[in-house]
Amino acid sequence: MTTTTTLVSPLRKGASGANIADWRPEDPEFWESTGKRVAYRNLWISVPALLCGFAVWGMWGIIAVQMLNLGFPFTQAELFTLTAIAGIAGATMRIPASFLIRLAGGRNTIFLTTAMLLAPALGTGIVLQHPEWPLWTFQLMALWCGVGGGNFASSMSNISTFFPKRLQGTALGLNAGLGNFGVTTMQIVIPLVMTLSIFGSLGGASTTLLKDSGWIFGKIAAGTPTWIQNAGFAWVLSLVPLSVLCWFGMNNLKTVTPDSGHPLVAFAKITWLYTLAFIPSILGLYLYLPKPTGLGLISMWVAIPLDIVSALLIMKLAAFGPMKENVTKQFAIFKDKHTWSLTALYIVTFGSFIGFSMALPLSMKVIFGVSHVPDAAGVMQHTLNNPNAPTILAYAWIGPFVGAAVRPLGGWISDKVGGSIVTQIISAVMVVASVAVGYVMMQAYASPTPEQHFPAFLGLFIVLFAASGIGNGSTFRTIGVIFDRTQAGPVLGWTSAVAAYGAFVAPIVIGDQIKAGTPQYAMYGFAIFYALCLVLNWWFYLRKGAYVKNP
């Protein structure tokens with residue numbers, strides 16, 4: 001009996017032209033004749049869309065540094081909140097995003113969530129032209145940029161459905177690794193476009209640097225005209241054509257999403273769940289952030305679980321019709337112990353990558369841009385400008401670049417030797433590197449010439465980024481092997497959602513410890529967590545009698 005493959009050209013106009021009714025990637029004949037070409041086309045369109053999502057989500061780490069250089073009327077602590085707000089919003093958005101593919105279809109989801117990025121990009125450009133506006137307007141834009149963070153979960157869930165299990169590590173490593181280049185791309189592109197009037201009179205007037213800034217090729221001197229608003233506006237140039245490419249070049253797999261409905265119905269589902277995701281973010285931030293922005297009633301460690309539980313509860317209550325049944329089915333992942341073990345392990349890898357990416361630029365500015373000297377009473381002061389400070393924006397991109405570059409390597413190695421053994425090795429490396437970088441930070445923050453410690457600081461952070469990048473690939477390989485095709489996507493999305501709270505935790509923890517004069521404690525705390533997860537990985541996947549041996 002011959003099986004008929006229904007594969008309609010994805011370039012044909014109309015929603016039906018993007019739908020694939022028969023999809024069998026585990027069938028070698030189908031894969032070679034049809035599946036491989038379609039899967040890789042979707043992957044190569046997914047990568048730049050995800051890259052722009054990371055760029056929009058993470059750009060407040062660079063913007064905050066430049067706001068400091070331009071003399072915006074906000075404290076260092078207030079600027080740290082901008083990166084933290086973007087972080088928690090992006091993490092929360094990943095919770096509904098992890099279920100979107102099975103509710104709305106891959107092509108529908110990736111197109112709309114990519115197009116959605118235009119709003120926060122334009123909004124950020126507008127507020128940055130008005131340094132006199134209140135802090136909450138900037139915080140609102142940082143919150144809105146969380147849409148870019150949410151896109152990761154839907155993107156990874158989507159790509160996981162296209163590839164056979166034997167290629168899961170490689171495919172997901174490529175999508176995530178190359179997508180993660182959005183952090184590096186942003187850290188290189190934004191300092192460059194801020195030096196140019198690329199939109200002429202339409203882009204608004206320039207402002208003047210009060211402090212030295214920089215970009216990949218070195219220092220930009222104080223007094224230089226700067227168009228900080230281009231940090232947001234510039235992404236329009238890529239988001240518009242990418243949205244078009246997603247619509248005409250990607251596919252919905254009907255075997256994965258049989259009831260997505262008309263594209264307008266699918267768009268309504270996506271918009272509804274994404275809009276609801278802002279509610280727990282706003283609630284948690286309002287209770288956590290100090291006055292006048294919030295109430296300052298709860299700690300970060302209460303705000304995060306409150307945010308997660310609230311997001312899940314809202315999703316459960318807000319789903320209706322067929323969507324309610326699909327959401328209920330996907331909630332089954334929470335009954336599996338491997339969901340929870342792999343969530344912790346993914347915090348080690350991706351949580352570290354995105355957290356350090358968000359926190360590092362401003363941390364480098366505060367630690368190495370200042371000469372730390374005692375006053376007449378012997379009390380250490382951290383306000384004197386360091387004339388020999390390294391050009392922060394010339395170096396901030398290196399760590400994220402390395403982490404993203406090695407991520408596909410982590411997936412490829414894990415496909416060969418198993419994911420958990422790779423995770424074990426990188427966890428051990430991260431324990432040692434975190435302790436070492438903490439010690440270097442302590443030395444630098446007590447030195448009148450902190451730049452002497454900068455090479456060691458940067459080198460150790462590059463090690464941390466490399467280890468976290470390789471671990472990203474190995475953890476996704478493990479998920480792809482343990483869970484079946486219907487559950488792997490939601491688990492990928494869920495673990496990435498929780499790990500993304502690293503973008504909230506790292507700026508807050510590092511910022512608070514810098515403020516307290518003990519930046520090393522932040523890194524020592526991270527090292528303890530990595531050590532605990534090393535034991536967890538061994539117990540679940542490497543010991544004799546492990547639940548699943550080195551998946």
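- No side-chain heavy atom of Leu79 sits less than 4.5 Å from a side-chain heavy atom of Trp60.
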Pair Val370, Asn385 - check side-chain contact (heavy atoms from CB on, under 4.5 Å), show working. CA-CA 5 Å; Val370 175; Asn385 186 56; over 6 Å; no
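- Put simply, the residue from Leu306, Asp307, Leu313 that forms a side chain to side chain contact (heavy atoms under 4.5 Å, CB included) with Ser310 is Leu306.
- Minimum interatomic distance between Ile270 and Thr113 (heavy atoms only, all atoms of both residues): CG2-CG2, 4.1 Å.
- Thr478 contributes a side-chain N or O that, together with a main-chain N or O of Ser474, makes up a donor-acceptor pair within less than 3.5 Å.
- In terms of heavy-atom proximity, Ile367 sits nearest to Ala444 at CG2-CB, 3.9 Å.
- Between Val127 and Trp133, the closest side-chain pair of non-hydrogen atoms falls below 4.5 Å.
- Every residue meeting the side chain to side chain contact (heavy atoms under 4.5 Å, CB included) condition with Phe181, not counting sequence neighbours, appears here in chain and number order: Leu51, Leu178, Thr184, Thr185, Phe401, Ala404, Ala405.
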Yes or no on side-chain hydrogen bond (donor to acceptor under 3.5 Å, both in side chains) for Ser155 and Asn175, after CA distance, side-chain angles and deciding distance? CA-CA 8 Å; Ser155 178; Asn175 190 54; 3.0 Å; yes
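- Here the side chain of Gln66 pairs no donor or acceptor atom with the backbone of Ile63 at under 3.5 angstrom.
- Between the CE atom of Met59 and the CD atom of Gln187 there is a distance of 13.0 Å, given to the nearest 0.5 Å.
- Scanning both residues, Met93 and Ala277, for their nearest heavy atoms gives SD-CB, 3.5 Å.
- When side chains are defined from C-beta on, Arg94 does not count as touching Thr495, because their heavy atoms never get closer than 4.5 Å.
- A donor-acceptor contact under 3.5 angstrom links the side chains of Asn69 and Lys365, judged on distance only.
- The closest donor-acceptor contact from the side chain of Thr124 to the backbone of Gly232 lies at 3.5 Å or more, if one exists at all.
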Could you walk me through whether Ser496 and Met156 pass the side-chain contact (heavy atoms from CB on, under 4.5 Å) check? CA-CA 9 Å; Ser496 73; Met156 296 299 285; 5.9 Å; no
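- Checking side-chain atoms of Thr226 against main-chain N and O of Thr224 turns up a donor-acceptor pair under 3.5 Å.
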Are Phe278 and Val147 close enough, and set up right, to give a side-chain contact (heavy atoms from CB on, under 4.5 Å), and what steps lead you there? CA-CA 10 Å; Phe278 281 114; Val147 171; 4.0 Å; yes
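- The distance from the OG atom of Ser206 to the CG atom of Leu196 is 11.5 Å, given to the nearest 0.5 Å.
- For Ser341, the side-chain hydrogen bond (donor to acceptor under 3.5 Å, both in side chains) partners two or more places apart in sequence, or in a different chain, are Tyr541.
- Using a 4.5 Å cut-off on side-chain heavy atoms (C-beta onward), Ile354 and Val183 make contact.
- Taken to the nearest 0.5 Å, the OG atom of Ser427 stands 5.0 Å off from the CG atom of Leu534.
- The distance from the OH atom of Tyr501 to the CE atom of Met300 is 13.0 Å, given to the nearest 0.5 Å.
- For the atom pair CG (Leu237) and CG (Leu242), the distance works out to 11.5 Å, reported to the nearest 0.5 Å.
- Within 6.0 Å of the CZ atom in Phe199, the count of heavy atoms belonging to other residues, nucleotides or ligands exceeds 12.
- Here the shortest heavy-atom pairing between Phe72 and Leu128 reads CZ-O, 3.7 Å.
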Going through the distances and angles, do Tyr524 and Tyr439 end up as a ring pair (Phe, Tyr, Trp, His ring centres under 6.0 Å)? CA-CA 9 Å; Tyr524 295 163; Tyr439 177 78; 8.4 Å; no
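- With Gln229 contributing its side chain and Ala205 its backbone, the two residues share a donor-acceptor pair below 3.5 Å.
- Under the side chain to side chain contact (heavy atoms under 4.5 Å, CB included) rule, Tyr346 has a single partner from Val491, Val498, Asn472, which is Asn472.
- For the pair Phe461/Met523, a side-chain contact is recorded, criterion being any heavy-atom separation below 4.5 Å from C-beta on.
- Panel note: side chain Thr75, backbone Glu78; a donor-acceptor pair is recorded below 3.5 Å.
- For Phe233 and Trp227, the distance between ring centers is not under 6.0 angstrom.
- Ring geometry, Trp57 versus Phe350: the interplanar angle falls under 30°, so the pair is classed parallel (tilted spans 30 to 60°).
- Within 6.0 Å of atom OH in Tyr395, 12 or fewer heavy atoms from other residues, nucleotides or ligands are found, so the atom counts as exposed in its surroundings.
- The side-chain heavy atoms of Leu117 and Asn151, taken from C-beta on, include a pair separated by under 4.5 Å.
- With respect to Tyr288, the side chain to side chain contact (heavy atoms under 4.5 Å, CB included) criterion is satisfied by exactly one of Ile508, Thr81, Ile304, Ile85: Ile508.
- Side-chain contact check for Ile228 versus Met67: some heavy-atom pair is nearer than 4.5 Å.
- Under the 30°/60° scheme for interplanar angles, the aromatic rings of Phe356 and Phe526 are found to stand perpendicular.
- At least one donor-acceptor pair under 3.5 Å links the side chain of Ser357 to the backbone N or O of Phe353.
- Remark: the backbone N or O of Met380 is not paired with any side-chain donor or acceptor of Asp375 at under 3.5 angstrom.
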For the pair Val437 and Gln520, evaluate side-chain contact (heavy atoms from CB on, under 4.5 Å) and give the outcome as yes or no after the intermediate values. CA-CA 8 Å; Val437 80; Gln520 68 275 16; over 6 Å; no
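- Taking the ring centroids of Tyr445 and His382, they lie under the 6.0 Å cut-off.
- Judged by distance alone, the side chain of Thr449 and the main-chain N or O of Glu451 form no donor-acceptor pair under 3.5 Å.
- Taking every heavy atom of both residues into account, Ser420 and Asn537 meet most closely at O-ND2, 3.0 Å.
- In terms of modelled atom types and a separation under 3.5 Å, the side chain of Thr339 and the main chain of Ile333 share a donor-acceptor contact.
- Going from atom CD1 of Ile110 over to atom CG of Leu100 covers 8.5 Å, rounded to the nearest 0.5 Å.
- At least one side-chain heavy atom of Leu209 sits under 4.5 Å from a side-chain heavy atom of Leu70.
- For Ala222 against Asp212, the heavy-atom pair with the smallest separation is N-OD1, 2.9 Å.
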